[in-house]
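Model, not experiment: these values are computed from the prediction. Keep in mind that the numbers below use all heavy atoms, side chains included, and drop hydrogens, waters and symmetry copies. Residues take their numbers from the sequence shown, with the count starting at 1.
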Amino acid sequence: HKSHTFIIQFILKTLIEATADPTKVIFDANEGAFDCFGNENKYKEGEFDFVDLNGDSYTFTVHNAMLNNYGGGLQLKKNSTSDATAQGYAISPAFSKFPNGYRVTVKYKDQNAPELECTNHAEDVAVFDDANGTMYMDVPFADGMFKLSGASQVAYVQSIELTPLAKKEP
């Protein structure tokens, strides 16, 4: 019976590893990507390491962000007309893994969409939102960084997926 258990564990491990794709960077709330915030449901700020499905850590700079204990994922405080500093955000590092840049796809919960922007190439990048829980943006720059922010309501980010862009033809 012991060998059966081992085989099942091996199969499960293989299936889990198969879902992790080394060419991508995927932060998934259900896989512990944002566990660095702890679970005290308090807004935090500073530098936090988000962990992708490959087990790699990436340091994000956050303000008024936390892990929502009730399935919301990464929670970013909504913006406020009376207090410009209230708005929650998370700013990515640059990703050396993507020399031609990347597409960032964000899944959000309910209608609680974040604002998504490219901080260092804002004029050159467009954001698309299907208004049904998914938004994405192509960042065709090796040094591209993105920022997720709370909007007129709290943002609940479930996952962030980065996929490499193909090299641009001259």
* Is the distance between the ring centroids of F60 and F50 less than 6.0 Å? -> yes
* Starting at CD1 of I160, measure out to CG of L116 and round the result to the nearest 0.5 Å. => 9.0 Å
* Mind checking who shares a hydrophobic cluster with Y156, ILVMFWY linked at side-chain heavy-atom distances under 4.5 Å? -> Y43, M66, V154
* For the residue pair P114 and M135, establish whether any side-chain heavy-atom pair is separated by less than 4.5 Å. => yes
* Taking side chain as C-beta onward, heavy atoms only, is D35 less than 4.5 Å from V51? -> no
* Structure fact -> The remaining residues in the hydrophobic cluster of Y89, counting side-chain heavy-atom contacts under 4.5 Å among Ile, Leu, Val, Met, Phe, Trp and Tyr, are I91, M145
* Asked: Looking at residues at least two apart in the chain, or sitting in another chain, which of them share a side chain to side chain donor-acceptor pair (under 3.5 Å) with D129?
  -> Y108
* To the nearest 0.5 Å, what is the distance between CE (M137) and CG (L148)? -> 8.0 Å
* For side-chain contact (heavy atoms from CB on, under 4.5 Å), just list the numbers for N64 and L76, CA-CA rounded to whole Å, side-chain angles, deciding distance to a tenth of an Å, and then say yes or no. => CA-CA 6 Å; N64 280 345; L76 303 169; over 6 Å; no
* Whether E161 side chain and V104 backbone form a donor-acceptor pair below 3.5 Å -> no
Side chains of residues 23-30: which donor-acceptor partners sit under 3.5 Å, not counting sequence neighbours?
from, atom 1, to, atom 2, distance (Å)
T23, OG1, D21, OD1, 2.7
T23, OG1, D21, OD2, 3.3
D28, OD1, N30, N, 2.8

* From CA spacing to verdict: side-chain contact (heavy atoms from CB on, under 4.5 Å), L162, F146 -> CA-CA 11 Å; L162 309 181; F146 66 87; 3.8 Å; yes
* All side chain to side chain donor-acceptor pair (under 3.5 Å) counterparts of S82, not counting sequence neighbours -> S80
* For residues 99-115, which residue pairs qualify under salt bridge (Lys or Arg N to Asp or Glu O under 4.0 Å), counting only residues two or more places apart or in two chains? -> R103-D138
* Check V125 against P140 and note the closest heavy-atom contact, atom names and distance. => CG2-CD, 4.4 Å
* Structure fact -> CD of Q75 to CG of N41, rounded to nearest 0.5 Å, is 7.0 Å
* State whether the side chain of N100 and the backbone N or O of A142 hold a donor-acceptor pair below 3.5 Å, judged by distance alone. => no
* Asked: Can you tell me how far the CG atom of N39 sits from the CG atom of N68, to the nearest 0.5 Å?
  -> 11.5 Å
* Structure fact -> Tightest non-hydrogen contact, residues G150 and A155, listed as CA-CB, 4.1 Å
* For the residue pair A94 and D143, what are the closest heavy atoms and their distance? -> CB-O, 3.8 Å
* side-chain hydrogen bond (donor to acceptor under 3.5 Å, both in side chains) contacts in which one or both residues fall within residues 52-61, not counting sequence neighbours -> D49-T59
* Please list, chain by chain and in numerical order, all residues satisfying side chain to side chain contact (heavy atoms under 4.5 Å, CB included) with E123, sequence neighbours excluded. => none
* Do F48 and L74 share a hydrophobic cluster (ILVMFWY, side-chain heavy atoms under 4.5 Å, transitive)? -> yes
* **Members besides Y136 in its Ile/Leu/Val/Met/Phe/Trp/Tyr cluster (side-chain heavy atoms under 4.5 Å)** => F128
* Asked: Q153: what forms a side chain to side chain contact (heavy atoms under 4.5 Å, CB included) with it, not counting sequence neighbours?
  -> Q111, N112
* **Heavy-atom closest pair, residues S92 and Y102** => OG-OH, 4.2 Å
* Residues in side chain to side chain donor-acceptor pair (under 3.5 Å) with E47, at least two apart? -> none
* **Residue pairs, two or more places apart or on separate chains, that pass salt bridge (Lys or Arg N to Asp or Glu O under 4.0 Å) and touch residues 71-100** => none
* Quick one: does H63's side chain have a donor or acceptor within less than 3.5 Å of a partner on T85's backbone? -> yes
* Beyond-backbone contact of F141 with N120, side-chain heavy atoms, under 4.5 angstrom -> no
* Consider only side-chain heavy atoms of I, L, V, M, F, W and Y, link residues closer than 4.5 Å, and tell whether L165 and V127 are in one cluster. => no
* Minimal non-hydrogen separation, F98 against T163, with atom names -> CE2-C, 4.1 Å
* To do: Supply the atom-to-atom distance S149 OG to E117 CD, rounded to the nearest 0.5 angstrom.
  => 5.0 Å
